[in-house]
There are 2 protein chains.
Amino acid sequence: MQDQEEKRFSAAPATLREVAQLASVSVATASNALNSPDRVSAELRGRVLRAVEQLGYVPHAAAQSLRRSRGKLVALMVPNLRNPFFVELVDAVERLVFARGYSLLLYSSGEDAEAEIRHLNLLRSYRIDGLILAPAGRREPSHSASLAALKAPVVLVDRTLDGFGFDTVVLDNHRAGQLAGEHLVGLGHRRIGVILGTSSLSAGRERLLGFKEALVASGVVFDSSLLREVGLRDSRAYDAAIDLFMQKPAPTAIFAGHSLVLLGVMRALAERRLRCPEDVSTIAVDDFPWAAAMTPRLTVIAQPVAEMAAASVDLLFGRIEGEAAGPGRRATLPPSLIVRESTARAPKVA
Amino acid sequence: MQDQEEKRFSAAPATLREVAQLASVSVATASNALNSPDRVSAELRGRVLRAVEQLGYVPHAAAQSLRRSRGKLVALMVPNLRNPFFVELVDAVERLVFARGYSLLLYSSGEDAEAEIRHLNLLRSYRIDGLILAPAGRREPSHSASLAALKAPVVLVDRTLDGFGFDTVVLDNHRAGQLAGEHLVGLGHRRIGVILGTSSLSAGRERLLGFKEALVASGVVFDSSLLREVGLRDSRAYDAAIDLFMQKPAPTAIFAGHSLVLLGVMRALAERRLRCPEDVSTIAVDDFPWAAAMTPRLTVIAQPVAEMAAASVDLLFGRIEGEAAGPGRRATLPPSLIVRESTARAPKVA
DNA sequence: CACCGTTTGTAAAACGTTTTAATAATCATA
DNA sequence: TATGATTATTAAAACGTTTTACAAACGGTG
């Protein structure tokens with residue numbers, strides 16, 4: 001057995017010619033036997049399959065891709081891998097894509113629109129079948145060219161890019177903000193700091209809108225002097241949080257735009273010797289493995305990452321397989337509030 | 001401008017033929033102008049380059065890959081993406097690979113040796129130039145066939161696979177264990193629980209060895225009744241920790257084999273209302289973004305992930321570019337102790 | 001038995017490159 | 001001016017598939 005395996009694979013990868021030869025059929029027949037089995041008699045199909053098995057034949061993806069114009073290749077580009085949301089997304093997408101017999105080309109743009117475009121251009125070479133993109137930053141003028149040049153279906157995830165008509169999968173960000181707001185005012189908080197990651201502009205705006213809406217619905221006025229927008233670097237979030245805690249009176253709760261922001265907030269909290277949730281409650285968008293292992297265990301607004309991944313992949317393959325056409329569809333998935341220990345009733349002293 | 005971009009890219013991707021045509025040269029010359037510029041006169045080279053620019057020509061990777069036998073494609077396969085170590089590895093490798101003008105095929109085996117082999121077989125189709133592999137589990141008999149069938153250089157990272165002669169990049173696991181042991185006994189701990197992730201068998205064993213060695217060097221006896229081996233699921237680690245805390249006398253410190261294990265431990269701690277580090281100190285291998293944001297901030301043994309990624313990529317391209325030949329080389333990188341707040345002097349009552 | 005409609009099989013072209021081997025041009029040398 | 005020796009250019013083959021267009025074989029009908 002071991003020996004046979006050895007023999008099977010030691011030589012240069014077998015070609016379809018050799019398979020055909022061994023099965024004493026033409027290459028065309030061999031190809032047909034594999035790709036459209038109904039076009040070839042059972043007899044010959046058997047011979048071919050046996051030969052394939054014996055030679056350990058595997059099709060040459062590049063040759064296939066050259067002839068058909070489909071490479072069984074899909075790309076996923078995310079802004080960074082330090083955000084657990086994207087990590088989960090990558091993980092889920094990889095699995096789904098693999099399940100369909102495709103492989104995944106992974107790119108990380110590093111939250112840099114320039115780099116994103118460079119990646120896109122490199123990507124053109126591969127004639128990918130499709131792209132799932134969580135864009136870095138706003139729409140650049142060159143985006144349109146590079147994206148169009150792909151000549152492949154694109155689905156946008158997490159962040160939108162207007163004016164392209166691409167399929168899009170996003171969280172119901174408005175609802176996410178609402179959830180956070182309702183939860184916090186429900187606990188009696190009135191002075192609430194908000195720190196948004198500015199990167200995902202549209203998402204951030206939506207979340208803020210929903211948040212405000214929840215406040216006014218409860219007759220709480222939103223104090224915009226307690227709003228901060230930071231970049232992607234958590235150190236900025238840390239600074240913003242420190243700054244917020246210096247306000248008089250200090251906020252009794254913080255709503256963080258995403259987990260990276262929260263990371264900065266938690267560091268600031270520790271720094272200022274503020275206890276959570278006794279002194280200040282925190283809530284953030286994004287659930288992630290460590291959220292339940294921290295002390296306190298974090299109250300969060302979870303994104304349905306798995307569902308978002310599934311929706312993206314479904315949408316993408318809908319286009320790839322050509323069933324779907326027409327204008328971009330949009331899937332908006334619901335967030336859910338997970339109450340743990342980082343939020344508590346607002347302290348009396350407020 | 002917008003319009004020109006439009007024109008540039010709106011048609012089907014330009015072929016080298018068309019470039020040649022536009023530059024009024026033969027395709028051979030066009031090809032040479034791009035690949036071996038010294039073989040063609042400045043005059044013609046200029047014309048070709050201009051035509052390339054004008055048409056927005058990008059080579060067809062599949063066609064290139066078919067003709068040469070190199071696709072500018074490298075694969076990375078990791079056991080899972082929930083372990084922050086692998087996430088960082090993916091991130092770093094992606095960047096390095098991209099910097100060399102290659103693209104990265106990402107696979108996650110899900111800690112499943114079967115799946116790993118399926119992935120490897122799929123991978124054969126792509127005729128990748130090389131593979132960086134963090135294998136799931138032990139060497140399977142079929143591993144050898146699938147790996148050999150790749151016909152591409154392989155470098156193993158984080159976990160070893162014996163008998164293949166592949167280049168390998170690992171942490172100095174022995175030293176990592178030693179560091180943990182020294183730190184803990186230095187703080188006066190005598191009863192120390194050890195929970196290892198069984199998955200990376202060789203790594204785990206090494207870490208344990210180093211740990212024991214540190215103890216005996218200080219005249220502390222290692223109590224093997226305080227050793228647990230768990231799988232990859234953190235719930236198992238949680239169980240093990242709970243179990244450990246039931247021992248009489250209970251351990252005053254826990255050494256966790258990697259961060260996923262630690263996650264279970266911290267959950268158990270919270271559950272049992274044990275304070276860290278007052279009641280029990282914890283130390284684990286792996287540093288990760290959240291480690292410094294938790295309360296307490298975690299004391300860890302950090303792996304030099306960036307360096308490990310760089311070493312892997314260097315080793316791999318050494319083979320790909322053909323400079324390096326001969327038996328597998330091994331890079332062993334040093335861990336470093338990062339003291340934060342999750343370790344403290346052992347309580348007196350021990 | 002000649003005819004026709006199905007199957008079943010195959011030869012050859014095509015996909016977009018790179019590379020080999022051959023040709024044409026250039027230039028110094030005898 | 002003819003002759004090699006270089007250099008610059010190109011035609012054509014090759015890489016491993018899929019697919020198109022055609023031929024062969026086969027069974028049933030009139």
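Letters A, B, ... mirror the listed sequences (proteins, then strands); counts begin at 1.
- To the nearest 0.5 Å, the span separating CG on A:Leu16 from CG on A:Leu55 amounts to 10.5 Å.
- Considering OG of B:Ser69 and NZ of B:Lys151, their distance stands at 13.5 Å, rounded to 0.5 Å.
- When the nearest nucleotides of DNA chain D are assigned to B:Arg127 and B:Glu43 by heavy-atom distance, the more 5′-ward of the two goes with B:Glu43.
- Partner of A:Leu133 under the side-chain contact (heavy atoms from CB on, under 4.5 Å) criterion, out of A:Val78, A:Leu76, A:Leu147, A:Val157: A:Leu147 alone.
- Counting any heavy atom pair closer than 4.0 Å across all strands shown, B:Ser31 reaches a base atom.
- At whole-Å resolution of the value, CG in A:Leu34 and C1' in D:dT19 are 15 Å apart.
- Using a 30° and 60° split on the angle between ring planes, B:Tyr102 and B:Phe317 fall in the perpendicular class, above 60°.
- Fit an axis to the five pairs at each end of the helix from C:dC1-D:dG30 to C:dA30-D:dT1 and the two axes sit 70° apart, to the nearest 10 degrees.
- Contact detail for B:Ile117 and B:Ser146: the closest heavy-atom pair is CG2-OG, 3.5 Å.
- Once you apply a 4.0 Å limit to the heavy atoms of chain A, the touched nucleotides of DNA chain C run 5' to 3' over C:dT8 to C:dG16.
- In terms of modelled atom types and a separation under 3.5 Å, the side chain of A:Glu88 and the main chain of A:Val305 share no donor-acceptor contact.
- Remark: A:Leu316 CG to A:Leu156 CG distance equals 11.5 Å, nearest 0.5 Å.
- For D:dT10, the OP1/OP2 oxygens have a side-chain nitrogen or oxygen of B:Thr29 closer than 4.0 Å.
- With respect to the salt-bridge test (charged N to carboxylate O, under 4.0 angstrom), the residues A:Asp314 and A:Arg100 qualify.
- Considering B:Leu81, B:Val87, B:Leu89 in turn, B:Val87 is the only one that fulfils the side-chain contact (heavy atoms from CB on, under 4.5 Å) rule with A:Leu81.
- Remark: P of D:dT9 and CZ of B:Arg39 are 12 Å apart, rounded to the nearest angstrom.
- Within a heavy-atom distance below 4.0 Å of DNA chain D, the residues of residues 17-28 of chain B found are B:Val25, B:Ser26, B:Ala28.
- When heavy atoms are screened at a 4.0 angstrom cut-off, A:Asn35 is found touching the sugar-phosphate backbone but no base atom.
- When all heavy atoms of B:Ala51 and B:Ala23 are compared, the closest pair comes out as CB-CB, 4.1 Å.
- If B:Arg67 and A:Arg68 are placed on DNA chain D by their nearest nucleotide, the residue sitting closer to the 5' end is B:Arg67.
- With 3.5 Å as the limit, one finds no donor-acceptor pair spanning the side chains of A:Arg118 and A:Tyr107.
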